[in-house]
Amino acid sequence: MPHTEDPAAPRVAVVGATGAVGTTLLQLFTERDFRYRSLELVASARSAGSTITADGAERRVHDLATFDFGEVDLAFFSAGTSVSEQWVPVATQAGALVIDNTNAYRMDPGTPLVVPQVNADQLAERPASGVIANPNCSTIPLVRLLRPVHRRWGLARVVASTYQAASGRGLSGMAELRDTSRDSLDRPDRMPEGERFSPALAFNVVPSIDRLLDSGFTLEEQKMTQESRKILGLPHLDVTATCVRVPVLNCHSEAVWVECAEPVDRRELVRLLAGEPEVAVHGRDEPGRFPTPRTATEADLVHVGRIRVTPQNPRAFWLWLVADNLRIGAALNAVQIAERLPAYGWRLRAEGGRPLAGVGR
Ligand SMILES: NC(=O)c1ccc[n+]([C@@H]2O[C@H](COP(=O)([O-])OP(=O)(O)OC[C@H]3O[C@@H](n4cnc5c(N)ncnc54)[C@H](OP(=O)(O)O)[C@@H]3O)[C@@H](O)[C@H]2O)c1
């Protein structure tokens, strides 16, 4: 049972507790026995007053607009970027440390962007902003594989194509994929209308995620470039992506081409990746084997397959990865950040609060 009277354990709030990431966080607290002294669930006025069962107890959902962060040490935010822009400063000024799952603070210079398996050293000091940012869901599994490759052979160039699931748009995205798939089967002559995905995602693939930028890239694609560079500490890394939404309910996949500074040996590469924490390599000796969103059932692992060195360029290789975007790409990464904080001797709460000057967009 995660609840404890231990005064060293944090008082926790989950903002966005009714959503896809928030409910996954609550499951993970129980699965991983993440200890807290108290747990408050927070969402919008729409679901305020409703109840959620978490950690064996029925808990009331609070309205963010009236919630008091004064009694909270650690707040997880996953309620959208604009919500974080407005309410994370309120939480940090009340003294809480925030782990933010949105895009609001990721590229802020005073905010560490952390994947614990890659750059936990960024947690050595309490950040000036009072915020630790959780990266984008496609970036997290990618950098977990790139980091050991860079250490061994040096990264020269990375090209990723993503195949992103409907759950990346939350519970309503998953519901829309189910509904439009049924409509399409019932009336194959008619293109269903989509709100979360346009055009509709059922029996379709859509190469556009998040808004289009003047550069011609989408914001999702820009996030993968900027965040990978920041996490790996390689500000000039040549890394680029095409991000595609596919009609899969959950789990993102990526086809990744990596060029290194030196020739790569496949056997050594397989051994290297298989030796990484929480990574499963499929087909170590049979390069044709691969994971898929429906068969990669161990949801807390990054699954890798189809590892192949390109014959015409032995410094380059391809791989295929599958990772649960709600867990590895969001909630699990956030919990793993929180789990590491005591090891770094942190006091979570900033006494008297701490202003969040100059942070955000
Ligand atoms: N889904 C993913 O794979 C993933 C991965 C990484 C990061 N993220 C980020 O995590 C965030 C949440 O994503 P999700 O997939 O969990 O979405 P979701 O299923 O749509 O859930 C959204 C949550 O935010 C709450 N919320 C919305 N507007 C609010 C407001 N004005 N005030 C307070 N609470 C509000 C909702 O509460 P109500 O029930 O009251 O509406 C709900 O709890 C997004 O910023 C997303 O970009 C998602």
Side-chain angles (χ1 to χ4, degrees), residues 13-28 40-52 54 59-67 69 75-88 90-91 98-106 113-115 131-143 162-178 195-197 209-211 218-220 223-224 227 243 245-246 248-254 293 299 322-337 360-361:
V14 174
V15 180
T18 54
V21 174
T23 50
T24 307
L25 259 175
L26 299 178
Q27 279 167 21
L28 284 164
E40 304 296 344
L41 309 185
V42 186
S44 78
R46 287 182 292 276
S47 44
S50 63
T51 54
I52 292 181
R59 295 164 193 273
R60 208 168 63 82
V61 176
H62 302 278
D63 182 353
L64 177 59
T66 53
F67 185 69
F69 284 95
F76 294 85
F77 270 72
S78 58
T81 297
S82 59
V83 173
S84 282
E85 285 172 343
Q86 183 178 355
W87 292 99
V88 165
V90 174
V98 170
I99 298 178
D100 185 38
N101 261 300
T102 77
N103 190 36
Y105 302 102
R106 289 176 185 155
L113 181 63
V114 178
V115 177
V131 184
I132 300 166
N134 217 46
N136 170 270
C137 44
S138 298
T139 306
I140 290 172
L142 178 64
V143 295
T162 70
Y163 303 73
Q164 296 183 220
S167 61
R169 287 302 311 269
L171 295 176
S172 57
M174 296 170 84
E176 185 175 299
L177 175 58
R178 286 194 185 94
E195 272 179 33
R196 306 299 283 171
F197 307 111
I209 300 181
D210 218 322
R211 66 189 152 85
T218 61
L219 181 58
E220 188 80 351
K223 287 178 210 167
M224 285 190 73
E227 294 178 23
C243 292
R245 190 76 72 186
V246 295
V248 165
L249 277 174
N250 189 40
C251 286
H252 291 352
S253 307
E254 301 178 34
V322 175
D324 186 323
N325 49 294
L326 292 177
R327 295 174 76 101
I328 288 176
L332 179 62
N333 196 76
V335 177
Q336 288 181 324
I337 290 172
R361 291 186 304 184

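Indexing begins at 1, ligand by ligand and atom by atom, following the structure's order. When a residue number appears, it is its place in the shown sequence, counting from 1.
- In the candidate list Asp100, Val14, Val21, Val21 is nearest to atom 16 (O) of ligand 1, counting heavy atoms.
- Asn250 and Ser167 are linked by a side-chain donor-acceptor pair at a separation below 3.5 angstrom, with hydrogens and angles left out of the test.
- Against a heavy-atom cut-off of under 4.0 Å, Asn325 is close to the following atoms of ligand 1: 3 (O).
- In this structure, the separation between CG on Leu326 and CG on Leu171 is 8.0 Å, given to the nearest 0.5 Å.
- Nearest non-hydrogen protein atom to atom 28 (N) of ligand 1 is Arg46 NH2, 3.4 Å.
- For Gly80, the heavy-atom gap to ligand 1 drops under 4.0 angstrom.
- The two residues Ser172 and Arg196 make their nearest non-hydrogen contact at OG-NE, 2.8 Å.
- In this structure, atom 44 (C) of ligand 1 has protein heavy atoms in its sub-4.0 angstrom surroundings.
- Phe197 pairs by the ring-ring contact (aromatic ring centres under 6.0 Å, His included) definition with nothing, not counting sequence neighbours.
- Contact annotation for Val83 and ligand 1: only side-chain heavy atoms (C-beta onward) come within less than 4.0 Å of the ligand.
- Closest to atom 10 (O) of ligand 1, if we only count protein heavy atoms, is Ser78 CB, 3.8 Å.
- Under a 4.0 Å criterion applied to the non-hydrogen atoms of Thr102, ligand 1 contributes the atoms 45 (O).
- Regarding atom 47 (O) of ligand 1, its nearest protein heavy-atom neighbour is Asn101 O, 4.8 Å.
- Of all atoms in ligand 1, numbered sequentially from 1 with element shown, those under 4.0 Å from a heavy atom of Ser44 are 29 (C), 30 (C), 32 (N), 33 (C), 34 (N), 35 (C), 37 (O), 38 (P), 40 (O), 41 (O).
- Contact check on Arg106 versus Glu227 returns a salt bridge, with a Lys/Arg side-chain nitrogen under 4.0 Å from an Asp/Glu carboxylate oxygen.
- Near Gly329, with a cut-off below 4.0 Å to any heavy atom, the atoms of ligand 1 are 5 (C), 6 (C).
- One finds the OG1 atom of Thr162 at 6.0 Å from the CE atom of Met224 (value rounded to the nearest 0.5 Å).
- Judged by distance alone, with hydrogens and angles left aside, the side-chain atoms of His252 form a donor-acceptor pair with the main-chain N or O of Ala165 at under 3.5 Å.
- Distance alone, capped at 3.5 Å, is enough to place a donor-acceptor pair between the Thr102 side chain and the Ala104 backbone.
- Looking only at distances, no side-chain donor or acceptor of Gln164 sits under 3.5 Å from a matching main-chain atom of Ser138.
- Between Asn325 and Cys137, the shortest heavy-atom contact is CB-CB, 4.0 Å.
- Atoms of ligand 1 found under 4.0 Å from any heavy atom of Gly170, numbered from 1 in the order shown, are 14 (P), 15 (O), 17 (O), 18 (P), 19 (O).
- Neither the backbone nor the side chain of Ser84 has any atom closer than 4.0 Å to an atom of ligand 1 (non-hydrogen atoms only).
- For atom 5 (C) of ligand 1, the nearest protein heavy atom (residue, atom name, distance) is Ala330 CB, 3.6 Å.
- When only non-hydrogen protein atoms are considered, atom 25 (C) of ligand 1 lies nearest to Ala79 CB, 3.8 Å.
- Judged purely by atom type and a 3.5 angstrom limit, Arg327 has no side-chain atom pairing as donor or acceptor with the backbone of Ala299.
- Close approach of ligand 1 to Ser47 is summarised as follows: ligand atoms under 4.0 Å from at least one heavy atom of the residue are 38 (P), 39 (O), 40 (O).
- For atom 40 (O) of ligand 1, a protein non-hydrogen atom is found at a distance below 4.0 Å.
- Regarding atom 1 (N) of ligand 1, its nearest protein heavy-atom neighbour is Ser167 O, 2.9 Å.
- For ligand 1, the atoms lying closer than 4.0 Å to a non-hydrogen atom of Leu64 are 32 (N), 33 (C).
- Residue Val14 forms a side-chain contact (heavy atoms from CB on, under 4.5 Å) with just one option from Leu26, Val42, Val61, and that option is Leu26.
- In this structure, the protein non-hydrogen atom closest to atom 36 (C) of ligand 1 is Thr18 OG1, 3.8 Å.
- Each of the atoms 1 (N), 2 (C), 3 (O) of ligand 1 lies under 4.0 Å from some heavy atom of Leu326.
- Closest to atom 21 (O) of ligand 1 among all protein heavy atoms lies Gly19 CA, 3.1 Å.
- Between Ser253 and Val322 the shortest heavy-atom distance is OG-CG2, 3.6 Å.
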